[in-house]
Amino acid sequence: MGRVSGKIALITGGASGLGRADALALAREGARVVITDVSEEAGRALAKDIDGEFVRHDVRSEDDWHKAIAHTLARFGKLDILVNNAGIVVPGDIETATLEQYRLLNAIHAEGSFLGCKYGIEAMKANPGSTGSIINISSLSAIRGFPGVITYAAAKGAILAMTTTIAAHFREKGYAMRCNAILPGMINTPLLAAVGADTLPGLGQPDDIANTVLFLASDESRHVSGAHIVVDNASSIIGGGA
Ligand code: NDP
């Protein structure tokens, strides 16, 4: 039996980088996976490879969230695992970043994760006794000062606060569902290449995050909720580099 056999997962931004690695790992361990992304060609190809589903989905759109969840329920009947992963990075420090950039990053990361949690929980609750697991992809930048990505860091900080609050809500309500955040250090993906950081020494690989997602998605982590898990090979405690 796989570690997530019989579970149904939805991964946003699943066509590339970390989301792609998550999709491959969850499918390998027995989950059925719905990949959602704005990137259609790569998303459809991956869904085909893992016998999953693809939905074109911009996480900023409430309508798209309704469609993605409705597709998941129509195709697989339930939702067990939600990975709020879609994202972009825009360089800029507090002096150079614009309000427009701030709003864009907030819309994708913070609002996108908020909508995902809100409608994901609704779908999980429809399955009585659900042990659903929400995994929010934050970033080391939420807790460590990276001056050059102010809008990104602020939006990732909102994701951490949301995760803590939702985990407390589950506990207070007596739900068996869990909500956790992962804070990756620098991981070698197209996102890092976009800011020219893909040649730094000591980068992590997408599977380093996918293995953490797999643990949080599985029942092995049934007593883990509200956690902020840093995956950075100690870079945040020694300082510098990736
Ligand atoms: P990638 O760029 O490889 O993948 C992100 C995916 O999300 C892409 O397919 C992208 O499409 C898609 N996407 C972008 N905007 C939206 C949107 N509005 N709605 C739906 N999908 C969207 O990046 P990573 O895999 O590196 O990043 C995944 C997550 O991990 C992000 O949240 C990122 O912030 C986080 N992270 C990454 C780190 C790293 O070092 N790589 C470190 C810390 C956190 P398109 O390519 O068309 O834009």
Side-chain angles (χ1 to χ4, degrees), residues 10-25 34-47 54-65 67-69 82-91 101 103-116 134-144 146 148-160 162-163 181-210 212-213 216 228-233 235-236 241-242:
L10 189 160
I11 305 172
T12 70
S16 175
L18 305 187
R20 183 175 197 281
D22 299 345
L24 289 167
V34 179
I35 293 156
T36 83
D37 207 299
V38 290
S39 183
E40 289 194 47
E41 202 177 320
R44 284 191 201 287
L46 178 60
F54 175 77
V55 180
R56 205 237 171 238
H57 172 203
D58 185 329
V59 293
R60 292 172 291 178
S61 159
E62 201 162 10
D63 276 354
D64 279 8
W65 269 109
K67 284 179 196 149
I69 300 244
L82 169 64
V83 188
N84 282 312
N85 165 81
I88 64 166
V89 63
V90 174
Q101 289 168 345
R103 287 182 174 151
L104 173 65
L105 274 283
N106 197 61
I108 295 176
H109 292 279
E111 290 183 22
S113 299
F114 168 77
L115 291 171
I134 296 177
I135 301 157
N136 292 327
I137 306 300
S138 178
S139 161
L140 207 54
S141 65
I143 56 166
R144 184 178 156 202
F146 291 108
V149 286
I150 177 75
T151 56
Y152 179 79
K156 290 300 198 184
I159 290 176
L160 283 189
M162 207 179 306
T163 301
I182 298 175
L183 291 75
M186 289 190 194
I187 312 292
N188 199 0
T189 71
L191 177 136
L192 220 54
V195 289
D198 56 325
T199 54
L200 290 173
L203 296 177
Q205 296 303 318
D207 275 349
D208 296 321
I209 303 306
T212 312
V213 165
L216 291 174
H228 298 174
I229 301 180
V230 173
V231 183
D232 73 340
N233 194 25
S235 71
S236 54

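Values below: all heavy atoms of this structure, side chains included; hydrogens, waters and symmetry mates excluded. Ligands are counted one by one from 1 in listed order, and the atoms in each one are counted from 1 as well.
With D64 contributing its side chain and S61 its backbone, the two residues share no donor-acceptor pair below 3.5 Å. Looking at T212, its side chain does come within 3.5 Å of a backbone N or O of D208 through a donor-acceptor pair. Remark: the backbone N or O of G13 is paired with a side-chain donor or acceptor of N85 at under 3.5 angstrom.
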Exercise answer, ligand 1 polar atom pairs (N/O) under 3.5 angstrom:
from: ligand 1; atom 1: 3 (O); to: S16; atom 2: OG; distance (Å): 2.6
from: ligand 1; atom 1: 9 (O); to: D37; atom 2: OD1; distance (Å): 3.1
from: ligand 1; atom 1: 9 (O); to: D37; atom 2: OD2; distance (Å): 2.8
from: ligand 1; atom 1: 11 (O); to: D37; atom 2: OD1; distance (Å): 3.3
from: ligand 1; atom 1: 18 (N); to: D58; atom 2: OD1; distance (Å): 3.0
from: ligand 1; atom 1: 19 (N); to: V59; atom 2: N; distance (Å): 3.0
from: ligand 1; atom 1: 25 (O); to: L18; atom 2: N; distance (Å): 2.7
from: ligand 1; atom 1: 26 (O); to: T189; atom 2: OG1; distance (Å): 2.5
from: ligand 1; atom 1: 32 (O); to: N85; atom 2: O; distance (Å): 2.7
from: ligand 1; atom 1: 32 (O); to: K156; atom 2: NZ; distance (Å): 2.8
from: ligand 1; atom 1: 34 (O); to: Y152; atom 2: OH; distance (Å): 2.5
from: ligand 1; atom 1: 34 (O); to: K156; atom 2: NZ; distance (Å): 3.1
from: ligand 1; atom 1: 36 (N); to: Y152; atom 2: OH; distance (Å): 3.3
from: ligand 1; atom 1: 40 (O); to: I187; atom 2: N; distance (Å): 2.7
from: ligand 1; atom 1: 40 (O); to: I187; atom 2: O; distance (Å): 3.3
from: ligand 1; atom 1: 41 (N); to: I187; atom 2: O; distance (Å): 3.1
from: ligand 1; atom 1: 41 (N); to: T189; atom 2: OG1; distance (Å): 3.1

Quiz item: Under the side chain to side chain contact (heavy atoms under 4.5 Å, CB included) criterion, do H228 and S138 qualify, and how do the steps go?
Solution: CA-CA 9 Å; H228 298 174; S138 178; over 6 Å; no

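With 3.5 Å as the limit, one finds a donor-acceptor pair spanning the side chains of H109 and K156.
Between atom CZ of residue F114 and atom CG of residue N84 there is a gap of 11.5 Å, rounded to the nearest 0.5 Å.
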